[in-house]
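The chains referred to below are lettered A, B, ... by the order of the sequence lines, with proteins before strands, and numbering in each begins at 1.
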There are 2 protein chains.
Amino acid sequence: MATPERLVVIGGDAAGMAAASQARRHKGPEALAVTAFERGHFTSYSACGIPYWVGGVVDGPDALIARTAEEHRARDIDLRLRTEVTEIDLDRGRVRSRDLADGGRETWTGFDKLVVATGARPLRPPLPGIDAPGVYGVQTLDDGQRLLYGLRGAAGRRAVVIGAGYIGVEMAEALVHRGFQVTVLDQGAQPMSTLDPDMGALVRTAMCGMGIEVVTGARVTGVLTDEDEGQARAVVTEDAEYPADVVVLGLGVRPETALAEAAGLPLGASGGLRTDLALRVAGQEHVWAGGDCVEVRDLVTGEHRHIALGTHANKHGQVIGANVAGGYATFPGVVGTAVSKVCDLEIARTGLLESQARAAGLQFVTVTIESTSRAGYYPEARPMHVKMLAERRTGRLLGVQIVGREGAAKRVDIAAVALTAGMTVEQMTALDLGYAPPFSPVWDPVLVAARKADAAVRATGSAGPR
Amino acid sequence: MATPERLVVIGGDAAGMAAASQARRHKGPEALAVTAFERGHFTSYSACGIPYWVGGVVDGPDALIARTAEEHRARDIDLRLRTEVTEIDLDRGRVRSRDLADGGRETWTGFDKLVVATGARPLRPPLPGIDAPGVYGVQTLDDGQRLLYGLRGAAGRRAVVIGAGYIGVEMAEALVHRGFQVTVLDQGAQPMSTLDPDMGALVRTAMCGMGIEVVTGARVTGVLTDEDEGQARAVVTEDAEYPADVVVLGLGVRPETALAEAAGLPLGASGGLRTDLALRVAGQEHVWAGGDCVEVRDLVTGEHRHIALGTHANKHGQVIGANVAGGYATFPGVVGTAVSKVCDLEIARTGLLESQARAAGLQFVTVTIESTSRAGYYPEARPMHVKMLAERRTGRLLGVQIVGREGAAKRVDIAAVALTAGMTVEQMTALDLGYAPPFSPVWDPVLVAARKADAAVRATGSAGPR
């Protein structure tokens, strides 16, 4: 019998374990030996669920685990938890790992094929007090557990969230649910810098209406700690001091690529690993990479971006698993879709912001409309703002942002598909979207925006030389 | 000053009045005189809202009127309510109308341009008793008003709905809301013949769970009336007799084209008026048609179909209005999207059913998956069945049907856009759809279906000669 091919996977979360599982589906243990290394305690979990666990909306941590270590092992995946890979030796086809549970015992493991799925690390600026007890990240299940203990033991009910992006606003909701008085600090002009400022302003208004204090233009300079226990007790900005019994960091993430970089694997301008469409690392025959550690192609601009999202990581894993097993699949790229909520406010975007379109050299029109989630006369019709960007002259859709209540977030999928297909806003005006009074006005809000954008494109049609 | 051009519009609902309004936006009364004829009492109303008005969910009839006669007249549209056009004289460029409120006084009105928007008429098979008091249609606001009076005066609380299509199931819900014991009769194998039978079976199960009796394979032979007052008291089928204090007809509609046909305007095989892409009636220079009286191009098969839907009618009106005013717009066609609900059950479809794909000569694979509206661990994650059809070999998406609870119906929009763009199910597996636990599992149900359909297409890839 031939020796099975050896696959090593670094990182036991979405991308890595999806790759391992998918490869295993295609090839049995007699053809492929799969070893996966994970430095944490858990595999295949929903990091996106952590804010809801912290907020008490969902149970955790078990409910957030899509597939346990035991389930992976039952499918003949040699999964090594609490084991950190410390070196990739591409020349000799092996990785060195350290068993964190066993005094750091080191082992070398050989591979024929390698998958790098090392994820991302949360931004933690090197400020005084940032590592003090009482300051929490929310990247891993371990982080979530620590924060929950922290909330229970907090001396008071004041929480400060640093960063008003997706994680920041979701954590603000979670802390409100836990009875905290929440202040969110952000250095931008508006919360949600993943939206244009005019749409971010709508989020700010809604958050304030929920009793959440939103402070923008806030440059955090450090965390004050009490003298006795070193516990965080306030967040300091250039302008003020915000008392805090709990501090949560929601500053976003960067690709975790130190290991890959040390091995000479190529990074893109975004800092993520550079891959081809089959997610093979650029220039490598037997190395694939996926998940939060890679950069992805932006299908609207053709440029590469780093976007850490579980849904991409899962897709990457599927693609890598198929390719590792000798099949063929690609990950063509993303259009930048993201949805979130703060209490009952839904926030969605896809494609480019104004700033991104401008940076890409595009000229465009923007329109913003207000409509409702259902026919205006139908109960619980909720207001919804839709902003749309379309390229000047061509009318190609460039981006959509939606802020509203029930029914707002997932409407962005319409635009996500239209962007993928390269549709113009004029083409979009004819889209055959689902209509019935409980689900939409007779003109869906996205169609209303497309009509207005189409009119704006036509109005610029004759301006200036081609 | 030149004489204004004369536009005549026949039909004062969505398509007709949208055309009139849009034309007026582009051209003032000095350039265009607009006369619109409507035989009923109301203009520009949401017929789709009637079941919710009858069910007491929304107020009516005023709330269902998007724009009143007065509002139209204030914009210099000469709107003649209760006035029925009885003849189109194309040779002399004039229409004959009858004033229903004024003893049927007849008038001739000349036109330079004509818009035919005569709508649809509900099917009412010529069966004994079908016109008896107590048997109601639900096509117009007048119908809705009559039915509401009928419900109040009903001798008992038993209702029979004939037809289990969209109107039938929506009326079933409305009657449940009004405290009626509801039986729905349909001659098909399952309710909702706009779905494949396997998906219709899910609707049946859910309806039965709501206490609605669903009788399929039921051929209605007549309505029994009581001897004294001639009031309907039971619906008779070939097999049984269903006592009824109220009978509602929900058998669908046919294009109302008698007037156009008499004038020699061309009908398509579907019975609707045949137009070009600009909605000009085939062979006519100065006549446009839109709304429920025309047939539309099915973008999936290229064939023409009759689909009566307010959202299409509104789009038609916009396109016609622009063209009548000398602009340029087209209505490329539809993909057959429709959404509805019965109580909390959401029902959606787009593209082709199995039977339609087969009739078009297409070979295809079908898959059905069950998933949830939100991450499985998130509260109120509701089950959802998604069925997907893809063309054999090419993998082109052909159709999607969704039956589920909250969050099911509007997900069909993803597929509607993908169909419009001619995407394959493989392309769909990479779609960048919005993901966050409150809104979707990490693999949106539509993506889960696309993955399974892609696998099914691949599995058929090598079967048989090309």
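- Here the closest non-hydrogen pair linking B/Tyr328 and A/Arg458 is O-NH1, 3.5 Å.
- Contact annotation: the side chain of A/His312 never approaches that of B/Tyr435 to less than 4.5 Å [non-hydrogen atoms, C-beta and beyond].
- The greatest number of non-hydrogen atom pairs below 4.5 Å with chain B, out of A/Gly376, A/Pro51, A/Ala416, A/Ser340, is found for A/Ser340.
- Taking the side chain as every heavy atom from C-beta outward, A/Ile414 and B/Ile414 never approach each other to under 4.5 Å.
- Looking at A/Thr311, the atoms closer than 4.5 Å to chain B (heavy atoms on both sides) sit in the backbone and in the side chain alike.
- The candidate from A/Ser46, A/Pro332, A/Ala14 with the greatest count of non-hydrogen atom pairs under 4.5 Å with chain B is A/Ser46.
- Interface remark: A/Ala430 contributes backbone and side-chain atoms alike to the contact with chain B (heavy atom separation under 4.5 Å).
- Of the two parts of A/Phe439, the backbone and the side chain both hold a non-hydrogen atom closer than 4.5 Å to a non-hydrogen atom of chain B.
- Looking at B/Leu433 and A/Val339, their side chains never come closer than 4.5 Å, going by heavy atoms from C-beta outward.
- Each of A/Ile307, A/Val334, A/Val412 was compared with B/Asp432 under the side chain to side chain contact (heavy atoms under 4.5 Å, CB included) criterion, and only A/Val334 meets it.
- Annotation: maximal heavy-atom pairing with chain A below 4.5 Å, among B/Trp443, B/Trp53, B/Tyr166, occurs at B/Trp443.
- Here the side chains of B/Arg451 and A/Lys315 are not in contact, with every heavy-atom distance at 4.5 Å or above.
- The parts of A/Ala63 that come within reach of chain B are both its backbone and its side chain, each placing non-hydrogen atoms under 4.5 angstrom from that chain.
- Contact detail for A/Tyr378 and B/Lys341: the closest heavy-atom pair is OH-CE, 3.2 Å.
- For A/Ala418, the parts lying near chain B are the backbone and the side chain together; criterion is any non-hydrogen pair under 4.5 Å.
- Of all non-hydrogen atoms in B/Pro437 and A/Cys48, the two that sit nearest each other are CG-O, 3.4 Å.
- The 12-atom threshold is exceeded at CG of A/Asp344, counting heavy atoms of other residues, nucleotides or ligands nearer than 6.0 Å.
- Considering only heavy-atom pairs separated by less than 4.5 Å from chain A, the leading option among B/Gly434, B/Ala436, B/Ala348 is B/Gly434.
- Looking at A/Leu299, neither its backbone nor its side chain comes within 4.5 Å of chain B, counting heavy atoms on both sides.
- With chain B as the partner, the residue from A/Val442, A/Asp454, A/Val319, A/Thr330 showing the most heavy-atom pairs under 4.5 Å is A/Val442.
- A salt bridge is defined here as a Lys NZ or Arg NE, NH1 or NH2 lying under 4.0 Å from an Asp or Glu carboxylate O, and B/Lys410 with A/Asp444 meets this definition.
- Residue with the most contacts toward chain B among A/Glu346, A/Gln427, A/Arg411, A/Glu426: A/Glu346 (heavy-atom pairs, distance under 4.5 Å).
- Residues B/Tyr377 and A/Leu64 have side chains in contact (heavy-atom distance under 4.5 Å, counting atoms from C-beta outward).
- Contact of the A/Val57 side chain with the B/Pro379 side chain is registered, since non-hydrogen atoms from C-beta on lie closer than 4.5 Å.
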#### Entry: Trace of the side-chain contact (heavy atoms from CB on, under 4.5 Å) decision for B/Met423 with A/Val417
CA-CA 10 Å; B/Met423 282 189 184; A/Val417 185; 3.8 Å; yes
